[in-house]
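What you are looking at is a predicted structure, and each value in this text was computed from that prediction instead of being measured. Heavy-atom basis, side chains included; hydrogens, waters and symmetry copies ignored. By convention in this document, chain letters (A, B, ...) are assigned in the order of the sequence lines, proteins followed by strands, and residues within each chain are numbered from 1.
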Amino acid sequence: MARKPISDLPPNLTLYVNNLNDKINVETVKKSLREVFAAFGGIVDIVAMKSLKRRGQAWIIFREVSAATNALKSLQGFPFYNKPMRINYARSKSDAVAKVDGTYVERPKKIVKREDLRKGKTAAAAPAAAPAAAPAAAKPAESAPPVSQKSIQDRIGWNPQQSVNAPKAAPPKNLGVAEPNKTLFVENLPPEATDTMLSMLFRQYPGFQEVRLIPGRNVAFVDYQNEYQAGMAMQGLQGFAMTPEVKLALSYARK
DNA sequence: AGCACA
């Protein structure tokens, strides 16, 4: 049987990423994207914009297609500012690479769209509908992503288990057995794991303080404000598939 | 939802 392709589009040096959290400042997003994606290879540039039509999306331009492919597979669905990234190959070649391979042609200047207001009804379609009348009272925090204590699957709609051919879920190891500790011990990290990547993951749980990646050992420590919060994070992320092959193993750190 | 390059 034909296995389904990793993407419906042909491999490309550029990855198209969407479903990004557009509440986050675009420069911040670009920086974080760079940190996360750079773990898979050299990055030429990242394009992201904040206009209505283009927000929530980014183009990650790699130096090698293999790096792009790896990142696509490994980071598919990865919770980035609390939203699972959707990743695909870009449909076309980025200007940045066209400039390098000599195929770049100056693209036509943006055609300034003439206001075409006579779309049929003039009155009903009137765009003048005052935006002033809606100053909405309840506006949530604009930069801080919301957090809750529900399981990660419920919140981000991503079940790492189902994207994997693993017969069983990760072993619940020491859940409830080991001495609770506000510091978690994380094992089974993929070699591409970075501080940023881990922060993205663990900061979703209230009380997150910091993550300490131990170089060369594929393990990390993650601090929360108290044992209870550490426990919530541990339950939520136990067995989390960092990559299709590698699942996190979490336990309380030794005192 | 939305495939850009200013």
Side-chain angles (χ1 to χ4, degrees), chain A residues 4-117 119 125 127 129 131 134 136 139-143 145-146 152-159 162-163 200 204:
Chain A
K4 64 171 179 220
I6 225 74
S7 158
D8 41 328
L9 289 160
N12 192 309
L13 281 170
T14 301
L15 294 180
Y16 172 70
V17 180
N18 69 1
N19 198 41
L20 294 172
N21 188 336
D22 60 16
K23 301 287 187 300
I24 309 294
N25 169 275
V26 66
E27 288 310 318
T28 306
V29 162
K30 281 169 73 169
K31 210 153 88 191
S32 300
L33 283 171
R34 184 176 287 270
E35 293 182 61
V36 170
F37 280 83
F40 299 86
I43 289 179
V44 176
D45 197 14
I46 295 185
V47 174
M49 277 150 298
K50 54 137 152 273
S51 73
L52 249 357
K53 305 305 257 297
R54 308 184 253 236
R55 64 181 45 172
Q57 306 157 79
W59 288 260
I60 322 283
I61 305 153
F62 280 94
R63 226 176 279 289
E64 317 269 359
V65 182
S66 60
T69 298
N70 248 314
L72 185 154
K73 290 198 274 202
S74 305
L75 294 174
Q76 191 64 264
F78 189 85
F80 190 78
Y81 289 106
N82 282 353
K83 297 190 70 187
M85 288 194 275
R86 299 276 140 69
I87 312 178
N88 215 321
Y89 294 114
R91 293 210 180 109
S92 58
K93 189 193 282 185
S94 294
D95 285 358
V97 335
K99 276 172 181 153
V100 165
D101 69 19
T103 62
Y104 179 70
V105 291
E106 183 78 27
R107 68 180 63 255
K109 289 293 191 181
K110 286 264 157 61
I111 300 127
V112 188
K113 269 218 175 149
R114 166 175 302 280
E115 301 298 318
D116 212 342
L117 296 178
K119 269 196 166 155
K139 189 167 192 169
E142 56 284 85
S143 56
I152 188 170
Q153 288 90 344
D154 290 348
R155 279 184 292 103
I156 68 175
W158 189 60
N159 183 347
Q162 72 194 181
S163 63
M200 289 289 170
Q204 302 178 114

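Taking F40(A) as the reference, nothing meets the ring pair (Phe, Tyr, Trp, His ring centres under 6.0 Å) condition, with sequence neighbours excluded. Contacts of D45(A) classified as side-chain hydrogen bond (donor to acceptor under 3.5 Å, both in side chains), with partners at least two apart in sequence or in another chain: none. Listed by chain and number, the residues in a side-chain hydrogen bond (donor to acceptor under 3.5 Å, both in side chains) with S92(A) amount to none (sequence neighbours excluded). The side-chain hydrogen bond (donor to acceptor under 3.5 Å, both in side chains) search around S74(A) returns none, not counting sequence neighbours.
Pairs passing the salt bridge (charged side-chain N to carboxylate O under 4.0 Å, His left out) check and including a residue from residues 93-104 of chain A, sequence neighbours excluded, read K93(A)-D101(A), D95(A)-R107(A).
Of the candidates dA4(B), dC3(B), dG2(B), dC3(B) carries the atom nearest the R91(A) side chain, counting heavy atoms from C-beta on.
Here dC3(B) presents its C1' atom at 12 Å from CD1 of I61(A), a figure rounded to the nearest Å. In this structure, D45(A) atom CG and dA6(B) atom P are separated by 10 Å, rounded to whole Å. Taking atom CG of L52(A) as the reference point, atom C1' of dC3(B) lies 16 Å away to the nearest angstrom. At whole-Å resolution of the value, NZ in K50(A) and P in dA6(B) are 16 Å apart. dG2(B) atom P lies 12 Å from atom CG of N19(A), rounded to whole Å. Summarising the geometry, the separation between CG on N18(A) and C1' on dA4(B) is reported as 13 Å, rounded to the nearest angstrom. One interatomic measurement links the two molecules: CZ of R55(A) to C1' of dG2(B), which rounds to 11 Å at whole-angstrom precision. Distance NZ (K30(A)) to C1' (dA4(B)): 11 Å, rounded to an integer number of Å.
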inquiry  = Checking L20(A) against Q57(A) for the side-chain contact (heavy atoms from CB on, under 4.5 Å) test, could you report, in this order, the C-alpha distance in whole Å, the side-chain angles of both residues, the deciding distance, and whether it holds?
reply    = CA-CA 6 Å; L20(A) 294 172; Q57(A) 306 157 79; 5.5 Å; no

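Within residues 92-104 of chain A, the residues approaching DNA chain B are S92(A), K93(A), S94(A), D95(A), by heavy-atom distance under 4.0 Å.
Base contact: L9(A) has a heavy atom under 4.0 Å from a base atom.
Between the side chains of N88(A) and N18(A), no donor N or O sits under 3.5 Å from an acceptor N or O.
Between dC5(B) and R54(A), a contact under 4.0 Å exists linking OP1 or OP2 to a side-chain N or O.
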